[in-house]
A.B. asks: 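Sharing a structure, written as structure tokens. Questions coming.
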Amino acid sequence: MQFERLKRLTGRELELIEEDELSDAFADCEPGSVPPSGQPYGIETLLDRSLADQPEIYFEAGDHSLVIRVSRQQFLSLLGDAEPVNVSEHI
């Protein structure tokens, strides 16, 4: 991830949070497991456009043992009004 690019896109000073803060934010998930959308938790969500180009997307199911597979359309529906941005880049 291009963290500096993400800061420029949002116009905010960003920093990574500690794992205990992560657990507080996503209390219904196992520690260290992050859902694909922060919107149900009141957290602004950005969508990297490279994900929107994938035919299928896989993400953790709130723990470290289960994975959910969804189609591109299901994923975009799940993210609702998440802002599409260019954050990652292929090298």
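Atoms considered below: every heavy atom in the structure, side chains included; atoms not considered: hydrogens, waters and symmetry mates.
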A.B. asks: Do L78 and I57 come close enough that some side-chain heavy atom pair is under 4.5 Å?
C.D. replies: no
A.B. asks: Atom CG in L76, atom CG in L51: separation rounded to 0.5 Å?
C.D. replies: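 Going from the CG atom of L76 to the CG atom of L51 covers 9.0 Å.
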A.B. asks: Would you tell me whether S77 and Q74 have side-chain atoms, one donor and one acceptor, within less than 3.5 Å of each other?
C.D. replies: no
A.B. asks: Checking side-chain polar atoms at under 3.5 Å, does E60 have a donor or acceptor matched by the opposite partner on S33?
C.D. replies: yes
A.B. asks: How about CD on E21, more than 12 heavy atoms from neighbouring residues, nucleotides or ligands closer than 6.0 Å, or not?
C.D. replies: yes
A.B. asks: Test of understanding: with salt bridge (charged side-chain N to carboxylate O under 4.0 Å, His left out), list the residues that count as partners of R12, not counting sequence neighbours.
C.D. replies: E44
A.B. asks: What distance separates L47 CG from L79 CG, expressed to the nearest 0.5 Å?
C.D. replies: 5.5 Å
A.B. asks: Can you find a heavy atom in the side chain of P35 that is under 4.5 Å from one in the side chain of Y41?
C.D. replies: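 Touching, per the 4.5 Å side-chain cut-off.
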A.B. asks: Check the pair V34 / F26 against side chain to side chain contact (heavy atoms under 4.5 Å, CB included), numbers first and verdict last.
C.D. replies: CA-CA 7 Å; V34 178; F26 306 114; 3.9 Å; yes
A.B. asks: What's the verdict on side chain to side chain contact (heavy atoms under 4.5 Å, CB included) for R49 and V87, showing C-alpha distance, side-chain angles and the deciding distance?
C.D. replies: CA-CA 8 Å; R49 284 193 174 102; V87 178; over 6 Å; no
A.B. asks: Does the T45 side chain pair with the main chain of I43, one donor and one acceptor, at a distance under 3.5 Å?
C.D. replies: yes
A.B. asks: Go through the structure and list residues passing salt bridge (charged side-chain N to carboxylate O under 4.0 Å, His left out) with E13, not counting sequence neighbours.
C.D. replies: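 So E13 forms a salt bridge (charged side-chain N to carboxylate O under 4.0 Å, His left out) with K7.
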A.B. asks: The criterion is ring pair (Phe, Tyr, Trp, His ring centres under 6.0 Å); which residues satisfy it with F75, sequence neighbours excluded?
C.D. replies: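 F75: no ring pair (Phe, Tyr, Trp, His ring centres under 6.0 Å) contacts found.
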A.B. asks: How far does CZ of F3 sit from CZ of R8, to the nearest 0.5 angstrom?
C.D. replies: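 Nearest 0.5 Å value for the CZ-CZ distance: 12.0 Å.
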A.B. asks: So for atom CD, which belongs to E56, do other residues, nucleotides or ligands contribute more than 12 heavy atoms lying within a distance under 6.0 Å?
C.D. replies: yes
A.B. asks: How long is the gap from CG on D24 to CD on E18, to the nearest 0.5 Å?
C.D. replies: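 That separation rounds to 12.0 Å.
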A.B. asks: Does any N or O in the side chain of R72 come within less than 3.5 Å of the main-chain N or O of Q54, such that one atom is a donor and the other an acceptor?
C.D. replies: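 Yes, R72 side chain to Q54 backbone: donor-acceptor pair under 3.5 Å.
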A.B. asks: With hydrophobic residues grouped by side-chain heavy-atom distances under 4.5 Å, do L16 and L46 end up in a single group?
C.D. replies: yes
A.B. asks: Which distance, rounded to the nearest 0.5 Å, do you find between the CG of L14 and the CD of E4?
C.D. replies: 9.0 Å
